[in-house]
Amino acid sequence: MKKRKTSGKIVLRILKDTKPIAGWLLLGAFVSLVSVALSLATPEILSALSDRLYDYWEPAHLGRPAAFDSRAFALGCTLLAAAYAGSSLAAIAEMLIMNNVVSKHFTCAIRIRMSDKIRRLPVRYVDQTPNGEIISHMTDDVSTMGTTIHSFLETLISGILKLLGIIVLIFLLNPILAAAVIVFVPLSLFLSAKIAGKSEKYFAAVRKKNGEMYALTEETFSGFDTVKAFHLEKRQRERQAELCGDMRDAARKGTFLSSIVQPIVALSNNIAYIVICILGGVFVANNLFGMSVGTIVAFVLYARMFAGPLESIAQGFSMLQNTIASAERVYRMLDEEEMTETAEETAPEGKGNVRFENVDFSYDPKQPLIKGLTIDVRAGEKVAIVGPTGGGKTTIVNLLMRFYDVDGGKIFVDGKDVMRMPRNALRSVFSMVLQDTWLFSGTIYDNIAYGRPDATEEEVHEAAKRAHIDRFIRSLPNGYDTMINEETTNISGGQKQLLTIARAYLANRPILILDEATSNVDTRTEILIQKTMDDLMKNRTSFVIAHRLSTIVDADTILVVNHGTIVEQGTHRELLEKNGFYAEIYNSQYELLN
Amino acid sequence: MKTILPYLKPYRKQILLTGVLCILFTLGGAFLPYLMSRIVDDGIAAGDMGVILKFGGLMLLLAVVSMLCAIWMGAVNARISANFSHDLKLGIFNKASALDFEHFSKIGTSGLLTRSTHDVSTISDISGMFVNVVVMVPIMIAGGVVFATLSDRVLALILLLSMPIAFLILFPILRHLDRLWKLSDEYIDEQNRLMRERLSGIRVIRAFDKEAHEHGRIAHATEEMAKYIIRANVRAGYVNPVCMLVLNMATVVMLWVGANRLQDPVLMESGLTAGGIIATVQYVALILNGVMMLSWTFAFLPHLKVCVNRVSEVLELPDEPADAGDGTVVFGDLVLENVSFAYPGSELKTISDVSLTVKAGQTAAIIGGTGSGKSTILKLLLDFYPPTEGKISLGGVPYEQIGRGGVREAVSASLQKGMVFEGTLLDNVRMGDPTASEEAVRGVLDIAQMTEFVDSHEEGLSYRLAQSGANISGGQKQRISIARTILKPASVYVFDDSFSALDYLTESKLRKSLNRYLAGKTQIIITQRAATAMRCDTIFVLEQGSIVGSGTHEALVKSCRVYREIVRSQLGGEAV
């Protein structure tokens with residue numbers, strides 16, 4: 001019951017979302033009404049023509065002279081042609097309206113709304129939701145919704161209209177015959193809706209298995225060397241065979257079920273057809289109810305028209321379940337709680353004083369991570385954060401940049417509470433170089449200038465020179481205009497990292513965050529850019545996360561992080577004297593010597 | 001096509017059966033209007049109730065039989081298409097996983113992925129339709145025309161002529177449909193790619209306050225996509241109304257011509273009747289269906305061709321050559337003699353003239369920067385590729401003689417990426433030795449410093465790893481793959497940058513227990529880190545594909561400039 005209620009709510013919401021295009025949808029419905037009316041008129045005309053044909057033929061057949069009224073017949077033919085043409089043109093007009101309006105103003109608009117929504121969602125949401133999921137909501141789910149809106153008019157509106165129109169018309173023609181025909185409608189409607197619903201279940205299973213198969217294939221090919229090295233071909237093949245087998249069974253059942261809808265509808269139609277012929281024949285032969293051969297022809301044609309709308313209504317209902325599920329996912333994303341912004345404070349002046357005061361934080365309320373952290377960093381100081389992998393070093397960066405917000409305590413930049421200023425104002429004083437080098441698809445030039453689109457060409461080249469990547473860029477066939485994209489293979493991980501260093505250099509902001517900033521750069525290049533890094537850090541507050549302790553021994557403060565908490569804090573000398581965890585880490589790299 | 005057709009071959013008989021059923025079903029449908037015309041002509045005109053009931057009963061029988069035929073045909077068709085799709089999917093997967101590295105990398109991971117998922121699905125979807133069309137359309141059209149001819153030849157001719165007219169109108173509309181579909185697909189990919197890029201770079205984007213800019217890029221792609229989708233759908237949307245229009249017009253012409261011909265006494269003698277004309281008009285519907293199905297096939301054909309070509313490309317590749325060796329594990333010294341290697345199709349040598357010997361039981365390191373050719377050596381050691389020049393041997397037996405399977409039994413390697421597969425932790429480690437006990441698996445996981453991880457999960461060894469290890473960190477993946485590597489009973493163990501995601505502390509603990517566990521076995525450690533290499537018995541320094549120094553740490557610090565630089569930059573001056 002509860003499920004039905006939410007389904008209703010979702011349908012209402014979809015309808016509400018179609019409000020901007022309501023006018024067009026109404027026009028579409030009107031045009032389809034015209035098309036339906038015209039196509040309903042055609043059997044009527046055809047029936048009149050048949051009667052006439054029969055009248056010409058019967059006397060002639062019996063050897064009596066018949067007057068062939070060629071003008072009246074021509075008029076009838078012209079009328080029929082006009083009705084057919086009008087109906088087809090209206091159908092084309094409706095198709096054009098629906099395609100343009102639904103695709104442009106419904107699906108496209110929802111997709112853009114979703115993309116816009118992401119701007120206001122916290123990083124936490126993006127971290128916790130697999131990328132593929134968000135993308136599949138944006139493409140597959142939205143397009144399912146679009147298809148439904150699209151077929152809504154075609155099936156539900158024009159289908160039902162057509163059905164009603166036919167029923168009224170045949171009752172007008174002959175109520176007894178009509179009653180005999182109409183009995184079959186609910187029966188075949190019920191049967192086909194049931195079957196379509198059932199086959200949809202199998203198709204859902206097919207889609208699920210297909211997803212699993214994709215995952216298996218991706219895993220096998222992306223780990224091809226491991227597969228070969230450990231003779232895993234057989235294992236992967238067996239899994240694939242199992243998935244394919246399951247899929248085959250579900251596909252066979254689904255396809256079979258959906259294929260019997262048409263014969264069932266056809267049979268019920270044919271039975272109606274036969275009933276019309278027999279009863280109609282009896283009526284005409286006995287001169288009952290003023291039936292004529294033309295009426296029988298009209299009946300037959302109307303009965304034929306049942307099949308189309310019946311099938312599409314059945315299909316429309318089976319699609320509805322799917323659509324509601326898709327819409328639910330889309331709306332859940334659109335309803336996600338957004339970040340709140342306050343602008344009680346303006347941007348920090350950019351001197352570079354940072355203070356953490358009694359900061360508490362956890363990703364998961366059940367597992368407190370940081371408790372009562374207090375750090376005082378004065379402008380121009382170098383703070384190093386060290387510790388084992390997975391220990392929570394990056395958390396401090398997350399809090400500093402307000403990718404995540406503190407649970408308790410306060411963070412001040414230049415004396416201003418970061419929670420009281422807009423996020424972009426806070427971030428405008430930071431530059432970052434991260435371990436996973438993120439570059440967007442675009443030219444090398446645009447990537448370097450990403451943080452400062454107004455930079456001059458000289459400044460961009462200078463930044464590249466500082467990062468020791470200018471020579472390499474110029475050696476590429478397209479130089480600074482070289483496109484970086486997924487297929488880029490002639491730029492190594494190290495070179496990409498140098499580009500991000502150039503980007504940070506150009507951005508020229510008072511506080512610097514270096515998270516394993518040279519981890520992908522090979523050793524010899526690292527020596528070269530060490531000076532650039534020193535330049536970058538000079539007169540700036542900097543937060544450095546590094547594996548290689550040699551680069552941080554000169555830090556003003558070293559924070560040692562383990563299991564999410566700061567276990568030690570001090571200078572290199574102080575910490576070594578303490579002979580605690582830091583000393584253990586520091587010595588471990590030399591231990592390999594013995 | 002040559003490579004795809006054999007997949008349909010096992011279903012020849014079933015396809016034939018569908019054909020027969022289809023003929024029966026179509027005939028049944030086509031006979032109904034004929035019987036009706038008999039009711040009109042003989043029953044109603046003559047006022048004979050018996051005739052009306054007789055033909056009515058016949059019609060009912062026919063309708064039931066033709067429905068049964070249709071349902072049976074549906075069952076056979078569903079079986080054919082499900083089986084065909086199953087066979088093809090499995091066929092291409094098995095083929096792809098049997099490729100050697102040369103051919104694998106020629107098509108590439110993502111290329112193979114599209115071919116074995118998207119392309120195969122498209123082929124089986126469309127070819128299901130295709131079989132239907134090939135079998136049904138000729139029967140429908142021929143049936144319609146033949147029955148129409150029974151009534152009147154001229155009317156049948158009009159019916160026949162209407163088809164080319166419909167095709168002539170539809171041809172220019174559908175000709176570029178495939179291109180539009182492709183374009184809209186490309187924009188969907190573009191939108192998704194931009195979105196993926198944006199989600200993965202969310203921190204950098206927000207740090208530079210570029211959300212509006214990224215949103216704009218995506219919105220643009222989405223709008224372009226909508227534009228092409230609309231164009232494609234509009235073109236496809238023309239098919240049905242246009243077919244209807246042309247054939248309905250044919251109806252009008254047939255009525256007019258029929259009425260006129262009815263005035264001809266000669267024709268009248270030959271049996272042209274009003275009922276006949278009315279029945280002929282009804283065959284239009286039969287032909288209409290055939291024409292529409294044919295147009296759709298026509299629209300899909302180019303797409304099918306592209307997919308078939310791409311899939312054939314894979315199916316036509318040669319299998320890995322037969323294996324020479326008998327798969328027994330060979331022990332002894334590992335020797336590379338003047339080995340050079342260039343990737344197939346490349347002039348450039350990634351490895352040139354490398355000679356090195358790792359004595360049985362020794363631990364050797366190969367150190368070098370990115371692009372120095374370290375990982376290529378690993379590929380040669382695992383016999384992923386044969387060397388272009390020179391020779392590799394283990395225990396005095398050349399690799400060719402040991403055979404690919406034998407080499408991979410003898411050499412156990414842990415790769416940089418730390419690949420894990422969807423399945424339990426136990427499964428993943430056991431890949432190294434399917435016969436290993438749970439105790440043994442726990443043992444190697446302990447050596448890999450994973451005990452804490454195992455204990456922190458209720459499921460323990462049954463903990464499920466997601467596809468590509470999405471639910472664990474890079475360091476954990478590396479450690480699982482190390483555990484798998486050492487579980488395998490081999491003679492040479494190779495670690496390719498396998499500690500890169502581990503911090504020094506974890507690495508140091510892991511290496512200590514590893515050395516105890518592998519005591520007496522040959523170890524080769526490929527690394528960028530000096531600290532990792534230092535402790536090994538012999539270190540080979542690789543630069544630009546050549547060995548520029550070898551020996552112990554102490555000796556190399558004195559003799560090798562490249563090595564000295566690496567050490568100094570990583571460990572500071574004091575280490576040198």
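All of these numbers come straight from a predicted model, not from anything done at the bench. Chain identifiers are assigned alphabetically (A, B, ...) following the order of the sequence lines, protein sequences preceding nucleic acid strands; residue numbering begins at 1 within each chain. What's counted below: heavy atoms across the whole structure, side chains too, no hydrogens, waters or symmetry copies.
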Using heavy-atom distances under 4.5 Å, tell me whether [X] contacts chain B through its side chain, its backbone, both, or neither.
X        : result
A/Ala250 : neither
A/Leu434 : side chain
A/Val123 : both
A/Phe230 : both
A/Thr255 : both
A/Arg402 : neither

Next on the checklist: Whether A/Arg423 and B/Glu211 form a salt bridge (side-chain N of Lys/Arg under 4.0 Å from carboxylate O of Asp/Glu) is what I want to check.
Outcome noted: no
Next on the checklist: Does this structure show an ion pair linking B/Glu223 with B/Lys227, if we count only N-O contacts that are shorter than 4.0 Å?
Outcome noted: no
Residue part contacting chain A, namely of [X], when any heavy atom lies under 4.5 Å:
X        : result
B/Leu255 : both
B/Met73  : neither
B/Gln476 : neither
B/Lys488 : side chain

Checklist entry - Who are the ring-ring contact (aromatic ring centres under 6.0 Å, His included) partners of B/Phe384, not counting sequence neighbours? => result B/Phe101
Next on the checklist: I need the residue from A/Ala251, A/Ser222, A/Ser35, A/Gly254 with the largest number of non-hydrogen atom pairs under 4.5 Å to chain B.
Outcome noted: A/Ser222
Next on the checklist: Which label fits A/Trp438 and A/Phe440: parallel for a plane angle under 30°, tilted from 30 to 60°, or perpendicular past 60°?
Outcome noted: tilted
Next on the checklist: Using 0.5 Å steps for rounding, measure from the CG atom of A/Asp116 to the CD1 atom of A/Ile112.
Outcome noted: 9.0 Å
